[in-house]
Amino acid sequence: MKRTLILTLVLLVVAMTGTTFAATARQQLTAESTIERVMQKGVLRVGMDTFQPWAMKDKNGRLIGFEIDVATRLAKDLGVKVEFVPTAWSGIIPALLTGKFDVIIGGMGITPERSLKVNFTLPYDYSGMSLVAHRHKAAGFTQLADFNKPEVQIAVKLGTTAAAAAKKYLPKATLRMFDNETQLYQELRNGQVHAVVESAPRPAFEAADYKETLFLPFTETFTREPIAFALPKGDPDTLACFNSWITLVQLEGWLQERHDYWFGAKDWASQVQ
């Protein structure tokens, strides 16, 4: 009887310890959950940078664009406010990991290198690299191989998948890195570089707006990449929440409708010009 009682007490202690440990673990996960903090504070902080037409400022200084629509709808569906935190693209992942904002929603392509640092949601859009060239400096260029020469200068934005794509597909070309889009296209229009590599459809829009100076050597994109939200690792609750939301708005057709509006034409151009 005594041995049985002792064994029962030991098993009870083990069970209670296990239950306490599990409860503590659940509390810790909840405490560290980004979505839990967002709901408590009532604000979703979104890291982003300006890429036309992903995110840009209108004539009144208000942020508009595809990513702005996506983040605003997400916050609305969560029942919280959205706060945009403009951040230089080259430092946007470190800023996320130091808590400057809760999530990156900024046209970020999924790459193996980035996946080592952050977790990605399901893709909510797809993009591809395009190229726009200077009519005189790149006269006669009709294919990607024409730009793969040491004397050809290609402008790309620092820290982007465009820079990675240019290095991969144009390894012999001379790459010039810039911090923002304005610098890229200013250099191109001034004839200081032969071409700009960037996510579609911006190169096509530039060629259409500056027909006398710029042109598209080819209309198709030369890469295809999935675009996703990025969030810190170790947060399964937030990842599951965002994935569920993406699935919902994709099936609803809302994501495609917003994509078509911002990428299919430039009906929004009057808002920024």
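When atom types are taken as modelled, the side chain of Thr87 and the backbone of Val85 share a donor-acceptor pair closer than 3.5 angstrom. Using modelled atom types, no side-chain atom of Arg176 and backbone atom of Ala155 make a donor-acceptor pair closer than 3.5 Å. Asp58 contributes no side-chain N or O that, together with a main-chain N or O of Gln271, makes up a donor-acceptor pair within less than 3.5 Å. Without hydrogens or angle criteria, Trp268 side chain to Ala265 main chain gives a donor-acceptor distance under 3.5 Å. A distance-only check finds a donor-acceptor pair linking the side chain of Asn148 to the backbone of Lys172 [under 3.5 Å]. Side chain of Asp235 to backbone of Thr34: a donor-acceptor contact under 3.5 angstrom is found. With Thr160 contributing its side chain and Lys157 its backbone, the two residues share a donor-acceptor pair below 3.5 Å. Without hydrogens or angle criteria, Trp89 side chain to Gly159 main chain gives a donor-acceptor distance under 3.5 Å. A donor-acceptor pair is defined here as one N or O able to donate and one able to accept, closer than 3.5 Å; no such pair exists between the side chain of Thr121 and the backbone of Ala228. In this structure, the side chain of Asn243 engages the main chain of Leu122 through a donor-acceptor pair within 3.5 Å.
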Test side-chain hydrogen bond (donor to acceptor under 3.5 Å, both in side chains) applied to Asp260 and Gln256, step by step: CA-CA 6 Å; Asp260 292 345; Gln256 188 62 52; 2.8 Å; yes
Trace of the side chain to side chain contact (heavy atoms under 4.5 Å, CB included) decision for Val46 with Glu83: CA-CA 6 Å; Val46 177; Glu83 177 186 325; over 6 Å; no
Pair Leu188-Tyr210, side chain to side chain contact (heavy atoms under 4.5 Å, CB included): steps then yes or no: CA-CA 11 Å; Leu188 180 61; Tyr210 299 93; over 6 Å; no
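Environment of NZ in Lys137: crowded, with over 12 heavy atoms of neighbouring residues, nucleotides or ligands closer than 6.0 Å. Within a 6.0 Å radius of NZ in Lys76, other residues, nucleotides and ligands contribute 12 heavy atoms or fewer.
Considering CD1 of Ile64 and CD of Gln52, their distance stands at 8.5 Å, rounded to 0.5 Å. With values rounded to the nearest 0.5 angstrom, Leu116 atom CG is found 7.0 Å from Glu113 atom CD. In this structure, Asp69 CG and Leu63 CG are separated by 11.5 Å, a value rounded to the nearest 0.5 Å. The distance from atom CD1 of Ile154 to atom CG of Leu175, rounded to the nearest 0.5 Å, is 7.0 Å. To the nearest 0.5 Å, atoms NE2 (His194) and OG1 (Thr174) are separated by 9.0 Å. Expressed to the nearest 0.5 Å, how far CD of Gln186 lies from CZ of Phe178 amounts to 10.5 Å.
When the side chains of ILVMFWY residues are joined at heavy-atom separations under 4.5 Å, either directly or via intervening members, Phe215 and Leu144 end up in two distinct hydrophobic clusters. In this structure, Met129 is not a member of the same hydrophobic cluster as Val196, with clusters built from ILVMFWY side-chain heavy atoms closer than 4.5 Å. No chain of hydrophobic side-chain contacts below 4.5 Å, direct or via other Ile, Leu, Val, Met, Phe, Trp or Tyr residues, connects Ile92 to Val156. By the rule that hydrophobic residues join a cluster once side-chain heavy atoms approach within less than 4.5 Å of another member, Phe205 and Leu216 end up as members of separate clusters. Put simply, Phe222 and Leu184 are part of two different groups of oily side chains (I, L, V, M, F, W, Y) that touch within less than 4.5 Å, one to the next.
Ionic pairing of Arg73 and Asp77 is present here: one or more N-O contacts between side-chain nitrogen and carboxylate oxygen are shorter than 4.0 angstrom. Note on Glu212 versus Arg189: no salt bridge recorded, every NZ/NE/NH1/NH2 to OD/OE distance being 4.0 Å or above. A salt bridge links Glu181 to Arg202: one of the charged nitrogens lies within less than 4.0 Å of a carboxylate oxygen.
Here the side chains of Val43 and Arg45 are in contact, with some heavy-atom distance below 4.5 Å. When side chains are defined from C-beta on, Pro86 does not count as touching Thr50, because their heavy atoms never get closer than 4.5 Å. With a 4.5 Å cut-off on side-chain heavy atoms, Leu131 and Phe147 count as touching. At least one side-chain heavy atom of Leu78 sits less than 4.5 Å from a side-chain heavy atom of Ile35. Val103 places a side-chain heavy atom less than 4.5 Å from the side chain of Phe242. No side-chain heavy atom of Phe218 sits under 4.5 Å from any side-chain heavy atom of Thr142. Counting heavy atoms from C-beta on, the side chains of Met56 and Pro53 come closer than 4.5 Å. When side chains are defined from C-beta on, Leu231 does not count as touching Asp102, because their heavy atoms never get closer than 4.5 Å.
Ring-plane geometry between Tyr124 and Phe66 is classed as parallel, the angle between the planes falling under 30 degrees on a 0 to 90 degree scale with a further cut at 60. Note: His134 and His136 have tilted aromatic rings, judged against thresholds of 30 and 60 degrees for the angle between ring planes.
Among Val70, Ile68, Leu74, the one residue that satisfies the side chain to side chain contact (heavy atoms under 4.5 Å, CB included) test with Thr72 is Ile68.
Between Ile246 and Pro123, the shortest heavy-atom contact is CG2-O, 3.8 Å. Closest approach of Ile105 and Met48 over heavy atoms only: O-CB, 3.8 Å. The two atoms that bring Ala230 and Leu96 nearest to each other are O-CD2, 3.8 Å, heavy atoms only. Residues Ala75 and Val82 share a closest heavy-atom pair of CB-CB, 3.7 Å. Contact detail for Trp54 and Ala200: the closest heavy-atom pair is CZ2-O, 4.3 Å. Of all heavy-atom pairs spanning Asp179 and Leu158, the tightest one is OD1-CD2, 3.7 Å.
A cation-pi geometry, defined here as NZ or CZ lying under 6.0 Å from the six-membered ring centre and within 45° of its normal, holds between Lys149 and Phe141. Taking the centre and axis of the six-membered ring of Phe120, the NZ or CZ atom of Arg114 falls outside the cone set by 45° and 6.0 Å.
For the residue pair Ser130 and Glu198, no side-chain donor N or O sits within less than 3.5 Å of a side-chain acceptor on the partner.
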